[in-house]
Amino acid sequence: MISAKDLKNPHVVRRDLLASLVVFLVALPLCIGVAVASGVPAELGLVTGIVGGLVVGLLPGSKLQVSGPAAGLTVLVYEAVKEFGLSTLGPIVLAAGLLQVVLGAARFGRWFRAISVSVVQGMLAGIGLVIVLGQVYAMADAEQPGSGLRNLAGLPGLVASVFSDSEAATALALGAGTVAVLVLWPRMPAAARMVPGPLAAVGLATAVASLAGLRPAVADVNGLLQAIDLPGLADFGRLADVAVIGTVLAFALIASAESLFSAAAIDRMHDGPRTDYDKELVAQGVGNTLCGALGALPMTAVIVRSAANVQAGATTALSRVAHGLWLLLFAALLPAAVGIIPLAALAGVLVHAGCKLVPVKEFGPLWREHRGEAVLLAVTALAIVVTNLFEGVVLGLLLAVVKAAWETSHVQLGTHHLTGGRTVVTLTGNATFLRLPRILEQLEKLPQDQPIELDLTGLRHLDHACRLALENWALRHNDAEVEPVTIRRSRSAGDGPVVTGSP
């Protein structure tokens with residue numbers, strides 16, 4: 001929140017207002033590009049950006065991270081609009097926002113930090129791949145086939161159409177030029193870099209198209225108020241659909257995870273107060289609830305805008321609130337400016353953003369140091385491309401749980417042969433059903449003509465399945481001519497020494 005003390009300091013106000021202009025220039029093309037890629041009117045992306053600034057910016061949580069429409073939700077929004085219709089998007093976003101508020105009020109915000117980083121990276125990588133596979137079609141003013149696999153399979157046909165269609169080739173050149181500017185912009189002189197890369201790339205593509213007399217496809221512009229379509233009671237009735245409920249859960253989970261991981265990243269970039277994760281989750285929920293009521297796009301905290309905010313020198317929430325005001329003024333006073341931007345240029349911005357979501361540089365070191373985490377990342381990403389975002393994330397989370405259970409279920413089995421022919425077998429560690437095949441395989445190799453004592457006192461944990469399996473093994477291991485197997489277990493693993501064996 002903005003304190004009165006900050007507003008009374010001219011130095012703070014001036015610095016944060018300048019930072020807000022930088023954030024506005026970064027957010028403007030991204031708000032429009034995300035909306036177009038999501039299959040909704042461009043103005044709805046601006047509405048979400050405005051709410052993220054003017055509403056979420058005033059709420060407690062993180063003072064410096066900036067909220068708005070995110071590339072990370074583009075795929076999910078596109079699929080939801082395609083399957084349920086644009087009119088149902090508002091209720092879905094509203095319900096997801098209310099769920100975020102409830103989770104934040106119940107102090108679940110900190111638990112999102114427990115989600116495996118590899119799953120989150122895999123989620124973002126999968127989203128990035130789907131964005132790239134979809135937006136290369138938009139760069140050529142072509143219709144994308146649909147799912148990630150269909151888009152991948154359709155690439156040869158897209159290449160053929162570019163070589164045979166001059167208009168498609170021209171659009172692709174504008175889009176590729178936009179990507180090239182974004183890649184090269186960080187190497188430009190400092191004076192040039194004062195203009196944010198996305199704005200410069202889109203501005204140059206628009207200028208080239210205008211000066212060369214080109215007629216690329218552009219976004220339809222109806223004005224801010226005309227684009228807003230408030231959901232009706234019939235639209236809210238769709239929330240009873242199981243498929244819609246699944247989409248609501250996916251929106252809430254992914255938007256929350258992306259926002260809170262962004263907060264953690266931004267906290268590492270400055271020395272100010274740390275983020276209160278529960279309050280930030282409530283703030284994001286309030287923003288999404290309002291966006292849903294307006295029929296707009298869902299929002300998350302966005303790392304690109306947030307990093308630009310910190311790097312521009314912002315120290316209070318004034319900068320993110322003011323950036324929402326600039327977006328509102330632009331949408332109200334200059335809506336026609338959106339209608340001259342080539343869609344291919346906006347697609348280029350999204351392709352560049354999608355590529356940055358794929359952790360190519362980090363994957364090699366991760367593979368060398370933590371191969372299991374690298375596999376988890378890759379499987380999550382590929383599952384999103386092959387299936388869809390929700391199923392891919394669920395699979396990643398399940399694999400992460402299985403991996404954690406497997407790694408913590410360490411058990412050691414030692415065999416000691418004593419005088420008199422007695423054999424003592426000791427188990428230490430955590431004995432769970434995951435390790436049963438290995439445990440039973442070694443026990444079944446023991447000779448059946450010798451008395452055996454199974455010592456479980458060194459176990460920290462013995463689950464029910466493993467206990468039953470060990471008792472059944474003891475019952476069937478020895479025949480009637482040899483004394484029964486003795487099982488000795490600690491209080492944590494059972495109720496004192498037990499002798500069991502064949503009857």
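Positions are given from 1, in the same order as the sequence printed here.
Scanning both residues, V302 and A70, for their nearest heavy atoms gives CG2-CB, 4.1 Å. Of all non-hydrogen atoms in T74 and A37, the two that sit nearest each other are CG2-CB, 3.6 Å. Residues V411 and N430 approach most closely at CB-O, 3.7 Å, considering heavy atoms. When all heavy atoms of L44 and A296 are compared, the pair lying nearest together is O-CB, 3.8 Å.
With rounding to the nearest 0.5 angstrom, the NE2 atom of H352 is 13.0 Å from the CD1 atom of I131. To the nearest 0.5 Å, atoms CG (L366) and CD (Q121) are separated by 6.5 Å. Here the straight-line distance linking atom CG of L260 with atom CZ of F108 works out to 13.5 Å at 0.5 Å rounding. The structure places CG of L397 at 7.5 Å from OG1 of T380, a figure rounded to the nearest 0.5 Å. Note that OG1 of T289 is 9.5 Å distant from CE of M299, once rounded to the nearest 0.5 Å. L281 contributes atom CG, which lies 12.0 Å from atom OG1 of T275 (distance to the nearest 0.5 angstrom).
Using a distance-only test at 3.5 Å, with no hydrogens or angles considered, a donor-acceptor pair links the side chain of Y137 to the main chain of N151. S259 places a side-chain N or O within donor-acceptor distance of the main-chain N or O of A301, the cut-off being under 3.5 Å. Under the 3.5 Å distance criterion, the side-chain polar atoms of S319 are left unmatched by any main-chain donor or acceptor of A19. Formation of a donor-acceptor pair under 3.5 Å by the R305 side chain with backbone atoms of V66 is not found in this model. Of the possible donor and acceptor atoms, one in the side chain of N309 sits under 3.5 Å from a partner among the backbone N and O of L64.
In the displayed structure, Q412 atom CD is contacted under 6.0 Å by more than 12 heavy atoms of other residues, nucleotides or ligands. A 6.0 Å sphere centred on CZ of F236 holds more than 12 heavy atoms belonging to other residues, nucleotides or ligands. In the displayed structure, H410 atom NE2 is contacted under 6.0 Å by more than 12 heavy atoms of other residues, nucleotides or ligands.
Looking only at atom types and distance, the side chain of Q284 has no donor-acceptor partner in the side chain of T300 under 3.5 Å away. For the residue pair T88 and D235, no side-chain donor N or O sits within less than 3.5 Å of a side-chain acceptor on the partner. Side chains of H464 and R467: a donor-acceptor N/O pair is present below 3.5 angstrom, by distance only.
Applying the salt bridge (Lys or Arg N to Asp or Glu O under 4.0 Å) test to pairs two or more places apart or on separate chains, those with a residue in residues 274-283 are R107-D278. Evaluation of the side-chain hydrogen bond (donor to acceptor under 3.5 Å, both in side chains) test over residues 96-105, restricted to residues two or more places apart or in two chains, returns Q100-S256, Q100-N288.
For E373, the salt bridge (charged side-chain N to carboxylate O under 4.0 Å, His left out) partners two or more places apart in sequence, or in a different chain, are K403.
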